[in-house]
Amino acid sequence: MARTPFIAGNWKMNKTVAEGLELVRELKQAVAGINDVDIVVGPTFTTLAAVAEEVKGSNISVSAQNVHWEANGAYTGEISAGMLKEIPVEYVIIGHSERRQYFGETDETVNKRTKAALAAGLKPIVCVGELLEERESGKTDEVVGQQTRQGLAGLSAADMENTVVAYEPVWAIGTGLTASPQQAQDVHAMIRAILREMFGQVADSVRILYGGSVKAANTAELMAGADIDGALVGGASLKAADFAGIITNARG
Ligand code: PEP
């Protein structure tokens, strides 16, 4: 099945409002007319509204980097799915390895956030990936399999039509190390097999992104993998020319 390539940039804790607007204005020009790739940028919470306004009517969509599972209440520092919809943003990154590593994110909280996002009409980008020691001890399939099953537990096939999965080996994030195209494809194929087992045929239309030191120069070889449908990009999404190069090289 042909799946539209999907390239998302995760700005992490980078860019002021002014810097984010400058980046997205340059990006808009650089990718004008590209309508065969889904293009998403993920600013910080404070920059989301300005960026969402700036890309209105363009081929660029906006993602938040986290969402809480409750609609409102005494959850200091958190943002609800309804609040994100109000901006409006379309996507939300959930379960990024930095959230897991530094902020106590678990498969259970990933699952709660994912359900809340979907219930509010947001499209989750659910991240999974193994640590270096897990890969070296042969546990990649077990770890990524469990994160996938538990993160997506209880979702429906219809939910999966609006869900994107990102496989990001933790050892490849921000390190300059990239999984080889074969290593990435092997894990993507396993994830798709799990999606098929859990949700049936819709698995064939779910976009599964690779993340971990993606740049323009390695995009095409990664995306040659049959189950690799795009990329979640950190560092290289912070410069319009670099990100545009990835988007251009992701075109079929
Ligand atoms: C990420 O944080 O999602 C990521 C893949 O980062 P980088 O591209 O910088 O490795």
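Every number for a ligand or one of its atoms is a count from 1 in the order of the listing. The first residue in the sequence is number 1, and the count goes up from there.
Taking the charged nitrogens against the carboxylate oxygens, D204 and R192 have no contact shorter than 4.0 Å, which rules out a salt bridge.
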T109 vs E105, side chain to side chain donor-acceptor pair (under 3.5 Å): CA-CA, chis, key distance, verdict:
CA-CA 6 Å; T109 55; E105 190 80 75; 2.5 Å; yes
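Ligand 1 lies under 4.0 Å from heavy atoms of N10, K12, H96, E168, A172, I173, G174, G211, G212, S213, L232, V233, G234, G235.
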Using distance only, find each side-chain donor-acceptor pair of residues 232-246 under 3.5 Å and give its atom names and separation, not counting sequence neighbours.
unit_1: S237; atom_1: OG; unit_2: V233; atom_2: O; d: 3.3
unit_1: S237; atom_1: OG; unit_2: G234; atom_2: O; d: 2.7

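Remark: of the listed residues H188, Q147, E130, E130 is the sole one forming a side chain to side chain donor-acceptor pair (under 3.5 Å) with Y167.
Within the structure, every pair that satisfies the side-chain hydrogen bond (donor to acceptor under 3.5 Å, both in side chains) test and touches residues 38-56, not counting sequence neighbours, is listed here: R25-E54, K28-E54, D38-R207, T44-T46, T44-T47, E53-K56.
Take Y75 and apply the ring pair (Phe, Tyr, Trp, His ring centres under 6.0 Å) test, not counting sequence neighbours, and it matches H68.
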